[in-house]
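We count ligands from 1, going down the list as the structure has it; atoms in each ligand are counted the same way. All values below come from the heavy atoms of this structure, side chains included, with hydrogens, waters and symmetry mates left out.
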Amino acid sequence: MNENNKTWSGRFNEPVSELVKRYTASVEFDQRLAQFDIQGSLAHANMLATQGIISHDDLTAIEQGLGQIREEIQNNEFVWSLDLEDVHLNIEKRLTSLVGDAGKRLHTGRSRNDQVATDIRLFLRTAIDEIIGLIQTMQGALLDLAQQHIHTIMPGFTHLQVAQPVSFAHHLMAYFEMLKRDIGRLRDCRMRTNQLPLGAAALAGTSYPIDREYVARLLGFDGVCENSLDAVSDRDFAIEFNACAALIMTHLSRLSEELILWMTPAFGFIQLADRFCTGSSIMPQKKNPDVPELVRGKTGRVNGHLIALLTLMKAQPLAYNKDNQEDKEPLFDTVDTVIDTLRIYTDMLSGIQVNAQNMRRSALHGHATATDLADYLVKKGIPFRDAHEIVAKTVQHAEHKQCELSELDLYDLQQFSAEVASDIFDFLTLEGSMLSRNHTGGTAPEQVQAAIQRARMWLANP
Ligand code: ARG
């Protein structure tokens, strides 16, 4: 009889092959859950003793043994065995070798099915809290950069064509809003993650007089999973989290795409600090924005993990199935990718050098204040659709003369509408255009300053 199966092999006549052992084992990746597994076991044992299901001496032995195991794992002294399949059996086996029968009593009223569900929830709750903190730090870096650029004018784009002038600060604050929604989604997901599965046992509950609410309180859960079948089989929280993560990465990927464009000589809006770039082995002039490119690329793998988790669950009958073991690697990789990306982004933002002159020059091309001319005519009583037509003709004329709309003289402008007077030049300048968008959510410096103020207040008390 092969060592691996001692905990469940009583009824088997032959050991599993090496390949099956490797194929079914999860210890290589789920050992990452060890500290949460121990935390859950300590709470479970405490409850068992409180309810008189095991003795207080057993509890003391279990606590002492798990304490030692925790240290062994922290010090990298713990010997993980593939024969013992997963993190749960590895720890239980070691506990029994350390404290004897008390260790064998730990699993009373519990199954690996509710145990693993608990471990993942504890893991994910911790990850969510860390990620929320990292998003807030990145938001702080965005605000610091935005604060310096309330008056820095760049072209705002639609269809990647110059549309209307906006401030660089206003553009950055759009990302603040996205990240703020990301935090909201993570908080919402945390509420559903932070429910206790333990007590569901294998699937139907247990015949011992357990106290699930007590365990929930010990572990800091907001409540208990209400249905035992759902408790062991539900992985919605993992999918929800991965969806939140996919959106975070999508936002960072969009910003990355912009940084990459802005860094090309054709734009020349920004420079990234050298530590986020690499050179080319053949083209000496190159400075490549590797970090934003990789953020864009890694978004693909996080999106992939979301699809993997959805697919994992889509045809599973109730309750626990071994399929669920496949939830861990995508989830872990998503957590690691998002955490690394947020960390690196905060640092990268603080190292951005802005070339305000190039931004301004670019905004001067493409008739960015054409809408302002139309709005000017509307304010003189011309219906908007007619004004739109007049401006279109004026732009055509400017194109013909190979100049910008704002460079036409009064005589030229008046050819298309007699309503145009000399005050038009207050509106056709980039500053005039930006100043005039003076309402909540607009790009006027006063409004962006107020938005930054509100953002700082929110960040101080999110
Ligand atoms: N390693 C398993 C997992 O990750 C633990 C639960 C196994 N339960 C079982 N009945 N085989 O899902």
Side-chain angles (χ1 to χ4, degrees), residues 2-12 15-17 19-41 43-44 69 73 78 80-96 104 106-127 193 195-206 225 228-239 241-242 305 308-336:
N2 156 338
E3 162 90 319
N4 72 357
N5 308 324
K6 285 260 175 68
T7 46
W8 48 256
S9 65
R11 56 158 295 182
F12 289 80
V16 297
S17 73
L19 177 58
V20 170
K21 196 192 292 176
R22 188 165 54 73
Y23 195 76
T24 55
S26 54
V27 65
E28 275 173 10
F29 49 85
D30 70 11
Q31 53 182 268
R32 179 169 177 168
L33 294 172
Q35 55 157 314
F36 302 106
D37 197 68
I38 291 171
Q39 191 186 355
S41 288
H44 178 68
I69 292 170
I73 294 172
F78 192 90
W80 297 101
S81 159
L82 196 70
D83 284 341
L84 293 166
E85 208 177 306
D86 58 23
V87 61
H88 323 292
L89 296 181
N90 268 271
I91 290 177
E92 194 184 319
K93 180 83 196 305
R94 176 71 183 140
L95 180 66
T96 303
K104 294 187 193 164
L106 170 62
H107 212 52
T108 312
R110 170 177 95 164
S111 151
R112 275 185 295 156
N113 298 350
D114 58 346
Q115 187 179 355
V116 70
T118 304
D119 292 4
I120 308 170
R121 286 173 185 262
L122 287 171
F123 162 81
L124 196 55
R125 177 179 82 184
T126 309
T193 303
Q195 301 288 329
L196 176 77
L198 270 182
L203 75 163
T206 176
C225 300
S228 64
L229 296 164
D230 183 49
V232 291
S233 61
D234 171 37
R235 295 292 183 274
D236 290 0
F237 59 94
I239 296 174
F241 168 77
N242 214 322
H305 295 326
L309 290 175
L310 282 166
T311 312
L312 179 68
M313 297 308 295
K314 73 172 270 295
Q316 276 198 53
L318 290 177
Y320 177 86
N321 301 281
K322 188 80 167 188
D323 312 39
N324 281 353
Q325 183 164 289
E326 287 289 308
D327 62 357
K328 288 167 203 62
E329 286 164 292
L331 196 59
F332 292 162
D333 188 66
T334 291
V335 166
D336 292 342

Participant: List the atom of A201, the atom of D114, and the distance in Å for their closest heavy-atom pair.
Facilitator: N-OD2, 2.8 Å
Participant: What's the shortest heavy-atom distance between S233 and L318, and which atoms?
Facilitator: OG-CD2, 3.4 Å
Participant: Can you tell me which residue among K21, K93, R22, K322 is in a salt bridge (charged side-chain N to carboxylate O under 4.0 Å, His left out) with E85?
Facilitator: K322
Participant: Stepwise, does the side chain to side chain donor-acceptor pair (under 3.5 Å) test hold for Q325 with D30?
Facilitator: CA-CA 9 Å; Q325 183 164 289; D30 70 11; over 6 Å; no
Participant: Check E92 with R112, please: is the shortest side-chain N to carboxylate O separation under 4.0 Å?
Facilitator: no
Participant: Checking R121 against F237: charged group under 6.0 Å from the ring centre and within 45 degrees of the axis?
Facilitator: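 Yes, cation above the ring, under 6.0 Å and within 45°.
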Participant: List of N/O pairs, ligand 1 versus protein, all under 3.5 Å?
Facilitator:
from, atom 1, to, atom 2, distance (Å)
ligand 1, 1 (N), S26, OG, 3.2
ligand 1, 1 (N), D86, OD2, 3.1
ligand 1, 1 (N), Q325, OE1, 2.8
ligand 1, 4 (O), K328, NZ, 2.5
ligand 1, 8 (N), N113, OD1, 2.9
ligand 1, 10 (N), N113, OD1, 3.1
ligand 1, 12 (O), Y320, OH, 2.4

